[in-house]
Participant: 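What follows is a single structure, and I will ask about it in a moment.
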2 protein chains.
Amino acid sequence: MTNLLPMADEPAPERSDAARNRQAILAAALELVRTRGVDCVTMDTVASVAGVGKGTLFRRFESREGLMAAVLNESEAAWQADVISGPPPLGPGAPPLERLLAFGHSRLRTNVTHGALIKAATGDSSARSRAAASFAVMHVRHLLSELRVTGDLVLLSIAVLAPLDIVVIEQQQRDNISLERIEAGWDDLVRRVVGC
Amino acid sequence: MTNLLPMADEPAPERSDAARNRQAILAAALELVRTRGVDCVTMDTVASVAGVGKGTLFRRFESREGLMAAVLNESEAAWQADVISGPPPLGPGAPPLERLLAFGHSRLRTNVTHGALIKAATGDSSARSRAAASFAVMHVRHLLSELRVTGDLVLLSIAVLAPLDIVVIEQQQRDNISLERIEAGWDDLVRRVVGC
DNA sequence: AATGAAAGCGGACCACGGTCCGTTTCGACC
DNA sequence: GGTCGAAACGGACCGTGGTCCGCTTTCATT
């Protein structure tokens, strides 16, 4: 008798066919998103291109948003790596304020270029997606603390990040506000929050 | 020969049956949202309760989001009236900083209580919905200007409003951050932006 | 290699948002 | 009241995300 009661946090290894299918699905989704644009990619199409049934997509990725979050993750992980260990001023080495501004600019550009995919991926409150959000909060919080900012740093971080949200940005673009102006406005905000 | 070329901005009066139907649809939608909750209200249901065909819903309200925006508008208009001409500190009469803080608190509460409906209504870039967004920007911009804040006031207004967005708020609530803490954090943000 | 059961699979099926177009209603003009 | 064009109507229809359940595959055990 070994382990009749379920152990908490057992990794639950993945069966070989399941792993194969997940790879196939991700590859198909990635390719389709790249060629057709995220809004023209249906779950049926992904399934047939990947050569699996539709049910398999939903078992592996929960929902369309979940699948898109997984696709997005490919580039997002690279970006996070740049932030953590890339060259300055985004990566470590530059003074904190410079890093913070570089972070915002980089996040802004990323949100604009991957806007459609990000919108297709957000709204799912999966662990992966929430982790992505909290990575940014964690990083900004860290930089604010290095800048000797006092107060509720988590809340301040959220407040500083909120205007970079793709939905907010797109609203401003519809109002014919240029990216440069948005960027300058954000810099101003940061300086005020940091305290001159 | 009168007016063969279409005149710009002619109000285009509404036929009597059209007006009647719009009223019936709005009433049905309002009632259904109140009793069942917005997420359980389908367009088919609204149509059948209102006693009209589904096509009529979409002709009048463009989309589900448009219909929900119309429903939301009922309460939103009352709120805007309070802001413009209600009692202080939300309405005129109080000093600008107090008004600004009261505005944020009020907006925060409203977003929390009407969260589901607001989420169902946003995303449509209809004139009505964009007007609602820009009303808030306009008001905050006005208060900031009274507070002698200098800089790109539109961008600052957007930045100050962004953390009050229902999506941002719900994320924080999932992280077990209390409303009081969110409120205090926002007050802090405002004070920093205004400049102590 | 045989076996058994759990994990995985897949595609028929459903619900809902949104469209289309033949039919009905309105109301301006005679 | 009759006529007629335009506007509005409504419900059949479609595409898409998501579910369900009977069948298949994997793999630990022997």
Participant: Among D/dG17, D/dA8, C/dG8, which nucleotide has an atom closest to any side-chain atom of B/R59?
Facilitator: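 My answer, after comparing the listed nucleotides, is D/dA8.
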Participant: Atom CZ of B/F61 and atom P of C/dG18: how far apart are they, to the nearest Å?
Facilitator: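 Taking CZ of B/F61 and P of C/dG18, I get 14 Å after rounding.
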Participant: Is B/N21 close enough to D/dA8 that one of its side-chain N or O atoms is under 4.0 Å from OP1 or OP2 there?
Facilitator: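 No, outside the criterion.
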Participant: Which nucleotide wins on minimum distance to the side chain of B/T56, given the candidates D/dT19, D/dC9, C/dG8?
Facilitator: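 Nearest to the side-chain atoms of B/T56, counting from C-beta on, is D/dC9.
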Participant: So how far is it from B/L143 CG to B/L97 CG, rounded to the nearest 0.5 Å?
Facilitator: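 Nearest 0.5 Å value for the CG-CG distance: 9.5 Å.
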Participant: Return the nearest nucleotide to the side chain of B/R60; candidates are D/dA8, D/dG17, C/dT19.
Facilitator: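 Of D/dA8, D/dG17, C/dT19, D/dA8 is nearest to the side chain of B/R60.
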Participant: For D/dC27, does either OP1 or OP2 sit under 4.0 Å from a side-chain N or O belonging to A/S16?
Facilitator: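 Yes, such a contact exists.
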Participant: Grab the CZ-P distance between A/R22 and D/dT25 for me, whole Å please.
Facilitator: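 From A/R22 CZ to D/dT25 P: 21 Å.
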Participant: A/E65 has an atom CD; how far is it from atom P of D/dT16, in whole Å?
Facilitator: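 Distance, rounded to whole Å: 17 Å.
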Participant: State which of D/dG17, C/dG8, C/dG18 makes the closest approach to the side chain of A/A18.
Facilitator: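 Output: C/dG8.
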Participant: I need the CG-P distance between B/D39 and C/dC16, as an integer number of Å.
Facilitator: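 Interatomic distance, CG of B/D39 to P of C/dC16: 12 Å.
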Participant: Could you say whether B/F58 or A/D44 is positioned toward the 5' end of DNA chain C, judged by the nucleotide with the nearest heavy atom to each?
Facilitator: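 Result: A/D44.
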Participant: Quick one: B/L57 CG to C/dT19 P, roughly how many Å, whole number?
Facilitator: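 After rounding, the gap between these two atoms is 13 Å.
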Participant: Using side-chain heavy atoms (C-beta onward) and a distance below 4.5 Å, is B/L67 in contact with B/V46?
Facilitator: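 B/L67 reaches B/V46 side chain to side chain.
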Participant: Within this structure, what is the CD-to-P distance between A/E14 and D/dA28, rounded to whole angstrom?
Facilitator: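 In whole Å, D/dA28 P lies 14 Å from A/E14 CD.
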Participant: Can you figure out which of C/dG10, C/dC26, D/dG11 approaches the side chain of B/R20 most closely?
Facilitator: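 The answer is C/dC26, which lies nearest to the side chain.
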Participant: Out of D/dT26, D/dA6, D/dC9, which has the shortest distance to the side chain of B/R15?
Facilitator: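 So the nucleotide nearest the side chain must be D/dA6.
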Participant: Can you tell me the distance, in whole Å, between the CE atom of A/M68 and the P atom of D/dG18?
Facilitator: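 Spelled out: CE on A/M68 to P on D/dG18 is 10 Å.
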Participant: Rounded to the Å, how far apart are A/K54 NZ and D/dT16 P?
Facilitator: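 From A/K54 NZ to D/dT16 P: 9 Å.
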Participant: Nearest 0.5 Å please: distance from the CG atom of B/L101 over to the CZ atom of B/R99.
Facilitator: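 So the CG of B/L101 and the CZ of B/R99 are separated by 12.5 Å.
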Participant: Can a cation-pi geometry be assigned to A/R107 and A/W79, taking NZ or CZ under 6.0 Å from the six-membered ring centre and within 45° of the ring axis?
Facilitator: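 Judged by the rule (NZ or CZ under 6.0 Å from the ring centre, within 45° of its axis), A/R107 counts as positioned above A/W79.
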Participant: Mind checking the OG-NE2 spacing from A/S134 to A/H139? Nearest 0.5 Å is all I need.
Facilitator: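 Spacing of OG (A/S134) from NE2 (A/H139) equals 13.0 Å.
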Participant: If you check the B/D17 side chain, which of C/dT19, C/dC26, D/dT26 turns out closest?
Facilitator: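 Given the options C/dT19, C/dC26, D/dT26, the side chain of B/D17 is closest to C/dC26.
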